[in-house]
Amino acid sequence: MRESTLRFGAQTDEVTSLLRVVNLVRMGEAQTRPQIGTVTGLGRGVVTQRVEQAISMGFLEEGDVGPSSGGRAPRTLRFRGESGLIVVCALGALHIHVGLAQLEGDVIAQAHLDWEISSGPAATLDAALELVEELLAADAKSRGSELPVWGIAVGVPGPVDFDSGRPVAPPIMPGWNGFDIRRRFEQRFDAPVWVDNDANLLALNERTNRQVPSVDLIYVKVGSGIGAGLVSRGRIHRGANGAAGDIGHVKVFGSTSQCRCGKIGCLEAEAGGWALVRDAQLAIDAGDDGLLARRSRAGEELNPELIAMCAEDGDALAIQLAQRSAKIIGESISALVNMFNPKVIVVGGALASAGEIFLAEVRQRVYEHSLPLATRDLNIVVSANDVREPLRGGAAMVREQLFEETFTRWFADGRPTIAGLALGR
């Protein structure tokens with residue numbers, strides 16, 4: 001069969017059943033041959049053939065003896081997640097965060113660098129690749145050998161054409177419009193690269209954490225800017241051109257604030273982190289003498305994180321700014337709730353770290369402005385705000401693309417390569 005798949009790569013019954021066996025074990029839905037037979041309906045002999053081929057190709061291996069159901073105890077099977085690595089680069093407005101994950105999705109190493117994405121694509125990707133190289137070198141040293149990279153995820157704080165992997169007119173990323181991000185990573189690793197909006201990576205992380213395959217979820221990131229990742233029936237909804245969820249540039253009624261995108265009255269220009277920093281500075285210059293003002297005058301950088309921390313500590317100006325932002329954002333989210341009807345809304349990002357001060361106002365506005373049926377079973381929560389969230393989300397995206405979207409194009413080669421996936425690009 002290996003010869004036939006190499007020759008044809010077709011979606012034959014043999015290929016389909018082999019890939020399903022690998023994915024059942026990978027996802028933990030079946031761990032023994034009898035369990036595979038029960039789930040798939042395949043006969044014992046066919047299951048044995050598929051499992052043996054998956055083992056010979058390096059995807060599966062025998063594990064411990066499993067529980068007996070009356071006869072001879074079967075051996076368990078495990079997916080060989082240590083066969084390769086996933087690289088994730090989460091690029092933010094003011095940072096670069098990179099990580100390595102195993103094929104099961106566990107993040108095993110990470111590094112962080114304060115960085116302004118406005119520095120441009122060449123310098124930014126050079127810095128990101130340098131961090132990745134350091135992580136790979138350390139991983140190879142600890143293992144005694146270097147594992148191949150199977151896939152790369154890159155998250156950026158702006159709209160992305162997912163099919164081409166190129167940013168499209170990103171407001172806070174000068175010089176990035178249409179830039180071929182994939183190429184830099186493909187040249188180095190000979191592995192497929194997927195580029196997505198950072199809010200989508202965060203939404204994928206939340207979907208994975210909840211372990212509900214068909215969840216309807218919205219992740220709203222409120223950092224320097226504002227964006228949303230939409231998960232519909234367990235799948236990311238990117239829209240026709242990758243612009244779905246870009247709520248930061250929805251018009252706020254009555255607003256006359258200039259946005260970084262060049263337009264007037266965007267949600268981000270009223271309620272985003274950079275807008276709050278602007279308004280906080282105006283208040284401080286006008287003589288405010290609260291905690292936020294004192295810390296700013298003492299030399300601390302005035303940023304969304306500092307505003308959120310001071311709000312939690314009771315500073316009146318910071319609380320006022322956070323609650324006003326939450327009110328406006330909540331009203332915008334309510335429109336999404338009426339149209340999308342999610343089960344869960346997760347609010348994350350720097351401003352959301354203000355906790356209930358921020359979240360309570362969002363909840364109030366969503367329930368006030370949304371339809372009763374749309375909010376009947378709605379749960380609105382704040383994210384864990386773990387720095388590894390976008391890394392886990394990027395790993396989840398790569399695993400989905402490798403093992404669900406493109407598996408038939410590369411599995412016969414043993415691991416994904418640029419040439420193996422080129423046909424589908």
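What's counted below: heavy atoms across the whole structure, side chains too, no hydrogens, waters or symmetry copies. When a residue number appears, it is its place in the shown sequence, counting from 1. Note that the coordinates shown come from a computational prediction; the quantities given were computed from them, not determined experimentally.
- Side-chain atoms of Asn338 come within 3.5 Å of backbone N or O of Leu371 as a donor-acceptor pair.
- Panel note: side chain Asn197, backbone Gly158; a donor-acceptor pair is recorded below 3.5 Å.
- Of the charged side-chain nitrogens involved, none lies within less than 4.0 Å of a carboxylate oxygen, so that Arg75 and Glu61 do not count as a salt-bridged pair.
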Taking it one step at a time, do Gln401 and Thr406 satisfy side-chain hydrogen bond (donor to acceptor under 3.5 Å, both in side chains)? CA-CA 6 Å; Gln401 293 297 319; Thr406 66; over 6 Å; no

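- Taking the charged nitrogens against the carboxylate oxygens, Glu361 and Lys327 have no contact shorter than 4.0 Å, which rules out a salt bridge.
- Here Asp216 contributes atom CG and Asp377 contributes atom CG; the two are 11.5 Å apart, rounded to the nearest 0.5 Å.
- Atoms OG and CE, on Ser83 and Met57 in that order, are 12.0 Å from each other to the nearest 0.5 Å.
- Shown here is Arg143, whose CZ atom has more than 12 heavy atoms of other residues, nucleotides or ligands within 6.0 Å.
- Each of Phe79, Phe59, Phe411 was compared with Phe403 under the ring pair (Phe, Tyr, Trp, His ring centres under 6.0 Å) criterion, and only Phe79 meets it.
- With a 4.5 Å cut-off on side-chain heavy atoms, Lys263 and Gln258 do not count as touching.
- For the atom pair CD1 of Ile96 and CD of Glu130, the computed distance is 9.5 Å after rounding to the nearest 0.5 Å.
- Interatomic distance, CD of Glu389 versus CG of Asn209, reported as 7.5 Å (0.5 Å rounding).
- Comment: Glu82 engages Arg78 in a salt bridge, judged by a side-chain N to carboxylate O separation of less than 4.0 angstrom.
- Under the 4.0 Å criterion applied to side-chain N and carboxylate O atoms, Arg183 and Glu186 are not assigned as salt-bridge partners.
- Crowding of Glu146 atom CD: a count of heavy atoms from other residues, nucleotides or ligands under 6.0 Å not exceeding 12.
- Just one residue in the list Leu131, Thr124, Leu91 forms a side chain to side chain contact (heavy atoms under 4.5 Å, CB included) with Trp115, and that residue is Thr124.
- Heavy-atom contacts from other residues, nucleotides or ligands closer than 6.0 Å to CG of Asn379 number more than 12.
- Comment: Arg235 engages Glu404 in a salt bridge, judged by a side-chain N to carboxylate O separation of less than 4.0 angstrom.
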